[in-house]
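Shown next, in structure tokens, is the structure this report addresses.
Here the structure is a predicted model, which is why all the values come from computation and not from measurement.
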Amino acid sequence: MTVLREALADYLRLRRSLGHQMAETAWLLPDFVAFMEDRGQTTVTIAAALAWAKSREGEVVTTVSPRRVTAVRGFARQLIGTDPDTEVPPLGLLPYRQRWRPPFLYSDADIAAVMAATDTFDPPLRAATYRTLIGLLAATGLRVSEAINLDRPQPKLSSGSCEEIRCATSRSPSTSGHGRPPTAGQALWPAVPRD
């Protein structure tokens, strides 16, 4: 076992004992150590980390290369205590570019078709639940996870509004149902026993 392999085993053991999962790091760093051994290097350098990250990338730019350098950065921080020649790759060495897909926007006809398809669900409570969820998503623009995690106030069906709906997730904004007729909610609330 080489010095770098021993250092890697110690690093992973230490980080796991402190409660870190280290799943991706434990998968990436053995490849980095093998890359260093193939080159005959025993000291981690910025150039070696960059060469390793880019050699595994290929033509297509992905988000993996910055994560590779991040894994090496943590390992190098520990190695610098035993090998003062170790270089710690700086933050931002490889830019991380998150590429988001544009959302698909449903038309009113699409929403009506999906809500109508819920009529085939059995039992009727399931159909009413999905119809309400789809209506809530369409009316408010919430994400599915946000809609599922909503706290449930009693809607005022007579006035056609909900007071204020608060999401259980901390980053989600409050959603107000004012001005929107709760047609999907009216379909569900009479069918659900109130507590």
What distance separates [X] [atom1] from [Y] [atom2], expressed to the nearest 0.5 Å?
X      : Y      : atom1 : atom2 : answer
Thr25  : Leu12  : OG1   : CG    : 7.5 Å
Asp110 : Phe104 : CG    : CZ    : 5.5 Å
Arg143 : Asn149 : CZ    : CG    : 12.0 Å
Gln21  : Arg16  : CD    : CZ    : 9.0 Å

Between [X] and [Y], which heavy-atom pair has the shortest distance, and what is it?
X      : Y      : result
Val69  : Pro89  : CG1-CB, 3.7 Å
Gln41  : Leu4   : O-CD1, 3.9 Å
Ala48  : Met36  : CB-SD, 3.6 Å
Ala147 : Leu133 : CB-CD1, 3.6 Å
Ala51  : Arg39  : CB-NH1, 3.2 Å
Gln78  : Asp10  : NE2-C, 4.3 Å

Honestly curious: do [X] and [Y] fall in one hydrophobic cluster under the side-chain, below-4.5 Å linking rule?
X      : Y      : value
Ile148 : Leu136 : yes
Leu93  : Leu28  : no
Val72  : Leu79  : yes
Phe75  : Leu18  : no
Leu142 : Val144 : yes

Legend entry - Derivation of the side chain to side chain contact (heavy atoms under 4.5 Å, CB included) call for Glu87 and Thr43: CA-CA 8 Å; Glu87 298 173 3; Thr43 301; over 6 Å; no
Count the heavy atoms belonging to other residues, nucleotides or ligands that lie under 6.0 Å from [atom1] of [X], then report whether that count exceeds 12.
X      : atom1 : answer
Asp108 : CG    : no
Tyr130 : OH    : no
Arg126 : CZ    : no
Phe121 : CZ    : yes

Inset, instruction - Would you check if Asp122 and Pro124 make a side-chain contact, meaning some heavy-atom pair closer than 4.5 Å? - result: yes
Inset, instruction - Quick one: sort the Phe35 and Phe32 rings into parallel, tilted or perpendicular, breaks at 30° and 60°. - result: parallel
Inset, instruction - Check each of Val3, Leu8, Asp38 against Val33 using the side chain to side chain contact (heavy atoms under 4.5 Å, CB included) test, and report the only one that passes. - result: Leu8
Inset, instruction - Could you walk me through whether Arg73 and Leu91 pass side chain to side chain contact (heavy atoms under 4.5 Å, CB included), step by step? - result: CA-CA 8 Å; Arg73 183 179 307 113; Leu91 286 169; 3.4 Å; yes
